[in-house]
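Take a look at the structure set out below.
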2 protein chains.
Amino acid sequence: MVEQEINTENKILDAAKRVFLKNGFDGARMQEIATEAGINKALLHYYFRSKDKLFDAIFTEAFSQFLPKVGEVMMTDIPFLEKIRIFIDSYINMLTKNPHLPIFVLHELHRNPGRIVQIIKNTGVDPNIISKILKSEAKKGNIVEMDAKHLVPNIIGLCLFPFVARPILQAIIFNGDEKAYESYLLERKEEVYKFITNALIKK
Amino acid sequence: MVEQEINTENKILDAAKRVFLKNGFDGARMQEIATEAGINKALLHYYFRSKDKLFDAIFTEAFSQFLPKVGEVMMTDIPFLEKIRIFIDSYINMLTKNPHLPIFVLHELHRNPGRIVQIIKNTGVDPNIISKILKSEAKKGNIVEMDAKHLVPNIIGLCLFPFVARPILQAIIFNGDEKAYESYLLERKEEVYKFITNALIKK
DNA sequence: GTCTATATTGTGATAGAC
DNA sequence: GTCTATCACAATATAGAC
């Protein structure tokens, strides 16, 4: 965790992140961001010129946080299934700390898919790394053959769904009980791991 | 499919659905809905009094469409794994026809989770039906033991993710190629089915 | 039922003093 | 850098003619 200096700019960015993530671009109000940051609207424009520019700063950072750095874990020397476990664990941890992040990113991307082209270029993801690892593991006979373009979305989908659909699942499965749902989210770590390994291991 | 009379009210509802699903409540403009419906703003208010009321009509219907009717398939006499296949197939078909639906529902629910309480009551879902079926199948030795509160979200998460994250996956995996992504989405039916059955079948 | 015109409020952005 | 006051426009909603 990088220690942030508490100056006005960071106060604004903090407040903007909270407000944008909760309400989206269209639902967010510059006044609310200002109040949240303990300043006035004029100062927002002094620092960021426009709502758009302020939003861009928030979105770019949010997106890179949301996009799992699958490559990083994969490049290490750890056994394959252990990599999977670590990935699930850290991704669910991140989602627990940032519950508004996924819907925010997905909604804004949906409203303006063009945005992503530029961002992806800057991030520089390489989907081939995982493909190679999967092929090599399958050759060794450790797992069934499976294409990375399916496995990776499978894993992320399994982690993500209980967070994005929280209001629905919490209402239906747990009668709205918040605490029960938080335990459920933690259970998911083991559950998702078991589900994936079961699907991957040869019969 | 119920045949709709083409009167002004239905023209408005059609237009409103398109505009709300694409832009969300905050991003939608009454003017755009009016233009899309081939009428003027005043007439919108004549039929629905306010933007809120018009939105409610759209959201309630969208939600019930999004919420998979898991119970329906489950009550039939078909073999268990076949039920799973049918569910996946029909849910992915629905998503293909309504690509904007999930993000719309999830975003609006996220902005106002309180909404769901009322809607769930009216829908009357019973999560216990599936629990019972799963237990009976596990007893027969057909599948591993698995709690419905995990299996159902697993299945839906696997179906849903490639739709809600389409801009990201299409950009990274397929370099933005639309046609390639559409084939990918169809592949998912078989892929998700195989993944789930692999995870469910005893070793 | 449908339209044009208008009232009213909300909101991003700027001017200008300190 | 920070504030108050204000502009300019956009958007929901209503009035009233036809």
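Chain letters run A, B, ... following the sequence lines, proteins first, then strands; residues in each count from 1.
Note: F55(B) and F59(B) have parallel aromatic rings, judged against thresholds of 30 and 60 degrees for the angle between ring planes.
Side-chain contact check for Q170(B) versus Y184(B): every heavy-atom pair is 4.5 Å or farther apart. The closest side-chain heavy-atom distance from D52(A) to F25(A) is below 4.5 Å. L185(A) is listed as a side-chain neighbour of R166(A), based on a closest heavy-atom distance under 4.5 Å.
For dT2(D), one of the phosphate oxygens OP1 or OP2 lies less than 4.0 angstrom from a side-chain nitrogen or oxygen of T8(A).
DNA chain C lies under 4.0 Å from at least one heavy atom of each of the following residues of residues 12-28 of chain A: A28(A). Contacts of residues 38-46 of chain B with DNA chain C (heavy atom under 4.0 Å): I39(B), N40(B), A42(B), L43(B), Y46(B).
With the nearest nucleotide of DNA chain C identified for both R29(A) and R49(A), R29(A) has the one nearer the 5' end.
Rounded to whole Å, atom P of dT4(D) lies 11 Å from atom CD of Q31(A). The CG-P distance, from N7(A) to dG1(D), rounds to 9 Å in whole Å. For the pair K51(A) NZ and dA13(C) P, the interatomic distance rounds to 8 Å; values are reported in whole Å.
Summarising the geometry of A148(B) relative to I130(B), their closest heavy-atom pair is CB-CG2, 4.0 Å, with the distance given to 0.1 Å.
Using a 3.5 Å distance cut-off with no hydrogens or angles, the side chains of Q31(B) and T35(B) do pair a donor with an acceptor.
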